[in-house]
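Have a look at the structure below, then the notes.
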Amino acid sequence: MKPSLANVSSAELSKFDKLASRWWDKNGESRPLHDLNPARLNYIADRVALNGARVLDVGCGGGILSEALAAAGANVTGIDLAPRVLEVARLHLHETGVQVDYREISIESLAAEMPAMFDAITCMEMLEHVPDPDSVIAACATLLKPGARLLLSTLNRTPQAFAAAIVGAEFVAGLLPRGTHHYAQFIRPSELAATLRARGFDLEDVSGLAYNPLTRRASVTSNPAVNYLACARKPA
């Protein structure tokens, strides 16, 4: 697949490339990603035996989750289409010493190249940034081995999510650059569940992901009203 035909918005790529140099600044624009990462990693580790597993991190950005997965023992491939962000991800490996295979490739192209090769796929805070989320889910189904799991996180399309993720995070607290999110692209759990079922997945779990910007702590909850995590399994 040519980059111009990939399931990606050029405006979104430009937006994240502008943040590349500050991606690993835990007090910068990527602060929420750093703060959410431990809770996300725990959610994944509770459902996937990471040690020795072959894991694909879709929309890996600067590698915050990819490196954590690798440090937990996984063999990680991280893919993204933002070149400057990937350059930062590769450079950061020299500081930590962990191993991640970073590739600038769309998930649809990777699916044609590596079908049924991964024990798990993570796709965190990415679906709400692409024109066609269903295309991503379909590619994940191709890339996963039978019995493997897909771990997702995204934002619910609710008034609470609009207030927290856009008004609060972007305009009041300044935790994210303005324009990071578009409410119309938020995805209700019922919509995600329907897409997963249509692509042959068994949905195993939907959980909320709460974040307190004052304490900078995140936790998995039973309330998916704002940010939520999902785990789905490809049948054996």
Side-chain angles (χ1 to χ4, degrees), residues 1 6-8 36-37 39-61 63 65-70 72-81 100-103 105-156 185-209 220 222 224 227-236:
M1 180 177 292
N7 179 23
V8 67
L36 290 170
N37 200 54
R40 288 176 177 162
L41 181 64
N42 288 339
Y43 182 86
I44 296 164
D46 284 344
R47 290 159 178 82
V48 176
L50 290 173
N51 192 31
R54 191 168 191 177
V55 179
L56 174 66
D57 186 20
V58 182
C60 63
L65 178 60
S66 295
E67 285 200 13
L69 292 166
N75 299 311
V76 182
T77 299
I79 64 171
D80 208 293
L81 287 170
V100 178
D101 177 23
Y102 288 117
R103 299 185 60 185
I105 187 172
S106 71
I107 187 169
E108 292 87 352
S109 295
L110 190 69
E113 178 186 322
M114 302 178 70
M117 292 294 291
F118 292 95
D119 300 301
I121 295 177
T122 60
C123 183
M124 302 288 165
E125 300 300 312
M126 184 264 201
L127 289 180
E128 70 272 22
H129 294 289
V130 298
D132 186 1
D134 175 68
S135 179
V136 175
I137 300 296
C140 288
T142 299
L143 286 157
L144 284 169
K145 298 176 182 178
R149 284 180 170 83
L150 171 61
L151 294 308
L152 303 156
S153 75
T154 190
L155 285 156
N156 200 345
Q185 293 176 256
F186 291 4
I187 303 168
R188 294 190 179 108
S190 60
E191 296 166 342
L192 181 60
T195 300
L196 289 165
R197 286 194 295 267
R199 294 300 177 181
F201 284 99
D202 296 325
L203 181 60
E204 294 184 326
D205 179 75
V206 173
S207 295
L209 183 61
V220 177
S222 60
N227 195 308
Y228 65 95
L229 296 147
C231 176
R233 181 177 178 270
K234 180 178 178 178

- Item | Nearest non-hydrogen partners of Leu155 and Phe186, listed with the distance | O-CB, 3.4 Å

- Query: Roughly how far, to the nearest 0.5 Å, is OG of Ser66 from OH of Tyr102?
  - Reply: 4.5 Å

- Closest approach of Ile187 and Tyr228, non-hydrogen atoms and distance? O-OH, 2.7 Å

- Item | Closest non-hydrogen atom pair between Leu196 and Leu203, with its separation | CD1-CD1, 3.8 Å

- Spacing of Ser153 atom OG and Leu36 atom CG [to the nearest 0.5 Å]: 8.0 Å

- Show your working on side-chain contact (heavy atoms from CB on, under 4.5 Å) between Thr195 and Phe201 and close with a plain yes or no. CA-CA 9 Å; Thr195 300; Phe201 284 99; over 6 Å; no

- Message: Within this structure, what is the CZ-CE distance for the pair Arg103 and Met114, rounded to the nearest 0.5 Å?
- Response: 6.5 Å

- Message: Hydrogens and angles aside, do Glu125 and Thr154 bring a side-chain donor and acceptor to less than 3.5 Å of each other?
- Response: no

- Apply salt bridge (Lys or Arg N to Asp or Glu O under 4.0 Å) to Arg47 and list each qualifying residue two or more places apart in sequence or on a separate chain. Asp205

- Smallest separation among heavy atoms of Leu127 and Pro133, with atom names: O-CG, 3.6 Å

- Item | Ala148 to Asp119 - nearest heavy-atom pair and separation | CB-O, 3.1 Å

- Query: Does the pair Leu50 and Val55 meet the rule for a side-chain contact (heavy atoms from CB on, under 4.5 Å), with working shown?
  - Reply: CA-CA 8 Å; Leu50 290 173; Val55 179; 4.1 Å; yes

- Task: Determine the minimum heavy-atom distance between Asp80 and Cys60, stating which atoms define it.
- Result: OD2-N, 3.4 Å

- So NZ of Lys234 and CZ of Arg149: to nearest 0.5 Å the spacing works out to 14.0 Å

- In Å, rounded to the nearest 0.5 Å, how long is the span from CG of Asp57 to SG of Cys123? 8.5 Å

